[in-house]
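Below, chain A is the first sequence line, B the second, and so on; all start at residue 1.
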2 protein chains.
Amino acid sequence: MERLVRLVREVSTAGEVSTTGAAVIARLGRLGGQRITDLARAEGVSQPAMTQLVNRLEGDGLVRRAADSADRRGVLVETTDRGREVIDARRTQRAEALEAALGRLDATDRAAIAAALPALDRLVDAVLDS
Amino acid sequence: MERLVRLVREVSTAGEVSTTGAAVIARLGRLGGQRITDLARAEGVSQPAMTQLVNRLEGDGLVRRAADSADRRGVLVETTDRGREVIDARRTQRAEALEAALGRLDATDRAAIAAALPALDRLVDAVLDS
DNA sequence: CACGATACATAAGCGTGTTATGTTGTTCGG
DNA sequence: CCGAACAACATAACACGCTTATGTATCGTG
């Protein structure tokens, strides 16, 4: 059960962008332009951390800063096409890996996992609310 | 489902020691003295990373370096009493948090999760083998 | 016995986070 | 309507945990 540590680290550090970076791009894809402060709060990191992350993502051409017409202090961070591509590729790659791993289990195990998914989702919510 | 990122980070960075550090101490508690190289391989990090981790853990008084009588190049890393205490405390704290989260779910969800645990364990194995 | 292999340490650098602080723009009460 | 408080973002300085490259003993073997 402690091997979970390795799994988490390997999954977290693999790929072109960090997990937080991926979460940010995915969020921008879902909700459109967001401000730095809101992104920081949504991902549970400090505002400077989000500024730096956006700097890196912008340097990689995955997001873009746009002026906020309503508030000249703020910026609106948006995804680029390349950002969307990278996220999509990451998602499908992850999905394929998961599919392959599930394929190595027997049908009983797969059914048990499928049946527990909604409950696990709620469990994550419960843990985060504390 | 992307909130999992936050959960992973919060769980990983909380506490007195890093996840890898905790895994190392737990392993030492289970198996006794281990060499740096073996610890590095077991946790999937490089040998220098393990050297540095052991330095930090030793500085915190959680592990101890002992000479290996059979091979004067190597060291045997052992846990201290304090190391065991910290790990135990971490474990019970984690268990309580999980218990509390589970308590906020209904019985159906808890049953589904319990039923899926062995399958999830095997799934982790399958993912790590790739 | 010398030479390659092994075990560990050290050095330098990167990525991601933190707190503290500065700069600029907004808002609101006297 | 103007100055003080507040807000949004950037910058600086630092910590931590990882990496690769390299150095230094020690071991084992042809």
Tell me whether the OP1 or OP2 atom of D:dC9 has a side-chain N or O from A:Thr37 closer than 4.0 Å. yes

Taking donor-acceptor contacts at under 3.5 Å, does the side chain of B:Gln47 reach the base of C:dA9? yes

Do the side chain of B:Gln52 and the base of D:dC16 come within less than 3.5 angstrom through a donor-acceptor pair of N or O atoms? no

As a test of reading the structure: which of C:dT19, D:dG17, C:dC8 is closest to the side chain of B:Arg35, going by heavy atoms? C:dC8

B:Asn55 CG to D:dC16 P, straight-line distance once rounded to whole Å: 13 Å

If you look at every strand shown and take non-hydrogen atoms under 4.0 Å, does B:Ser46 touch a base, only sugar-phosphate, or nothing? base

Compare the minimum distances between each of D:dT26, D:dT19, C:dA9 and the side chain of B:Ala49, then state the nucleotide with the smallest one. D:dT19

Which nucleotide, D:dC9, C:dT10, C:dT16, lies nearest any side-chain atom of B:Pro48? C:dT10

Give a yes/no answer on whether the side chain of A:Arg65 brings an N or O atom under 4.0 Å of OP1 or OP2 in D:dA10. yes

Relative to the 5' end of DNA chain D, which residue comes earlier, A:Thr51 or B:Ser69, by the nucleotide with the nearest heavy atom? A:Thr51

Salt-bridged, B:Arg90 to B:Glu16, with N to O below 4.0 Å? no

Between CG of B:Leu123 and CG of A:Asp109, what distance do you get to the nearest 0.5 Å? 9.0 Å

Examine the side chains of A:Arg64 and A:Thr80 and answer whether a donor and an acceptor come within less than 3.5 Å of each other. no

Is any N or O donor-acceptor pair between the side chain of A:Arg73 and the base of C:dT26 shorter than 3.5 Å? no

Classify the nucleic acid contact of B:Asp71 as base, sugar-phosphate or nothing, counting any heavy atom under 4.0 Å across all strands shown. sugar-phosphate

